[in-house]
Amino acid sequence: MSEAKWYVVHTYSGYENKVKANIEKTIENRHLEDQILEVRVPMEDVVEVKNGTKKQVQRKLFPGYVLLNMVMNDDTWYVVRNTRGVTGFVGPGSKPVPLTPEEMLPLGIQGESRRVEVDLEVGDSVVVTGGAWKDTAGVIQNINKTKQVVTINVELFGRETPVEISFSEVKKVG
């Protein structure tokens, strides 16, 4: 028996949860639990920080797509492809292509991702609230929203040294 891999299925926009439910029902009815292991609509928890108030919001990471951890064979391909709301597998022509480990990492398949949105800008003064640089003050030199970090300069051995700090470990001063 071949190994299960992650595949991406394109759906009608707004039908992601319905497609997930339909595929799970079909898995149960046809006893395909050992071939289609998991159906996932990638969601992300976004913490929005506005005027110092945090608010947690859930969003679809990829509207119009559903991820499947499955063993690809004629039966599983047929079941998924003929599910109401599915327009097809992602891949060239009709051949589904599994995701590579590099592609899966940012999708949060290895663990749920928590994204933090902050109202910080380059030039803002911040204080580090956790980690090795706790209680260190600095000015933001760069903001990387993809990696969820800010770069600040700290004094190390008498020199200004750039250090990356997670969004969740900085607090705006003033």
Side-chain angles (χ1 to χ4, degrees), residues 3-20 37-70 85-92 95-174:
E3 180 185 337
K5 293 189 167 105
W6 284 95
Y7 294 89
V8 181
V9 174
H10 191 265
T11 68
Y12 295 128
S13 189
Y15 278 71
E16 301 89 355
N17 291 328
K18 191 170 265 317
V19 165
K20 178 181 188 237
L37 308 175
E38 189 177 351
V39 184
R40 200 183 269 197
V41 177
M43 302 292 277
E44 65 178 338
D45 291 330
V46 179
V47 178
E48 294 177 346
V49 180
K50 296 267 199 266
N51 301 327
T53 308
K54 290 183 180 181
K55 182 181 173 192
Q56 189 136 354
V57 184
Q58 263 213 335
R59 286 189 199 143
K60 287 187 180 111
L61 208 51
F62 305 106
Y65 295 93
V66 174
L67 299 177
L68 292 155
N69 188 8
M70 61 187 270
V86 171
T87 59
F89 280 93
V90 173
K95 186 178 184 334
V97 176
L99 293 172
T100 64
E102 294 78 28
E103 291 170 324
M104 292 181 338
L105 204 58
L107 300 180
I109 291 175
Q110 268 52 30
E112 294 304 315
S113 63
R114 284 180 50 92
R115 297 185 66 76
V116 178
E117 287 186 15
V118 291
D119 57 347
L120 296 173
E121 295 177 20
V122 172
D124 285 350
S125 294
V126 294
V127 172
V128 181
T129 59
W133 298 100
K134 186 174 172 96
D135 299 326
T136 304
V139 176
I140 296 176
Q141 305 298 317
N142 188 18
I143 298 174
N144 185 330
K145 290 189 178 190
T146 308
K147 287 172 64 178
Q148 300 272 292
V149 295
V150 294
T151 303
I152 63 170
N153 281 341
V154 297
E155 190 169 318
L156 185 65
F157 305 120
R159 289 188 171 167
E160 289 281 307
T161 306
V163 176
E164 284 188 349
I165 308 289
S166 168
F167 282 177
S168 60
E169 292 183 331
V170 294
K171 185 173 88 177
K172 193 173 179 177
V173 178

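Treat the numbers as computed from the prediction; the structure is a model and nothing was measured. Note that these values count all heavy atoms, side chains included, but never hydrogens, waters or copies made by symmetry.
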Could you tell me if the ring centre of His10 sits under 6.0 Å from that of Tyr65? yes

Which heavy atom in [X] sits nearest to a heavy atom in [Y], and how many Å separate them?
X	Y	answer
Val39	Lys20	O-CE, 3.0 Å
Thr151	Pro162	CG2-CB, 3.8 Å
Asp119	Asn51	OD2-N, 3.5 Å

So how far is it from Glu48 CD to Lys54 NZ, rounded to the nearest 0.5 Å? 13.0 Å

What's the separation between atom OG1 in Thr100 and atom NZ in Lys5, rounded to the nearest 0.5 Å? 11.5 Å

Apply the test side-chain contact (heavy atoms from CB on, under 4.5 Å) to residues Val128 and Ile152: give CA-CA distance (whole Å), side-chain angles for both, the deciding distance (0.1 Å), then the verdict. CA-CA 10 Å; Val128 181; Ile152 63 170; 3.8 Å; yes

Any side-chain heavy atom of Ile143 sitting closer than 4.5 Å to one from Phe167? yes

Distance-only check: which donor-acceptor pairs under 3.5 Å involve side-chain atoms of residues 132-142, not counting sequence neighbours?
unit_1	atom_1	unit_2	atom_2	d
Thr136	OG1	Trp133	O	2.7
Gln141	NE2	Val139	O	3.1

Report the C-alpha distance between Val90 and Tyr7 in whole Å, list the side-chain angles of each, state the deciding distance to 0.1 Å, and finish with yes or no for side-chain contact (heavy atoms from CB on, under 4.5 Å). CA-CA 8 Å; Val90 173; Tyr7 294 89; over 6 Å; no

Candidates Val97, Leu67, Val66, Leu68 - the one meeting side chain to side chain contact (heavy atoms under 4.5 Å, CB included) with Val8: Leu67

Does Lys172 have any salt bridge (Lys or Arg N to Asp or Glu O under 4.0 Å) partners at least two apart in sequence or in another chain, and if so, which? Asp124

Residues passing the salt bridge (Lys or Arg N to Asp or Glu O under 4.0 Å) test with Lys60, sequence neighbours excluded, are Glu16

Tell me if a side-chain donor or acceptor on Thr129 pairs with a main-chain N or O of Glu169 at a distance below 3.5 Å. yes

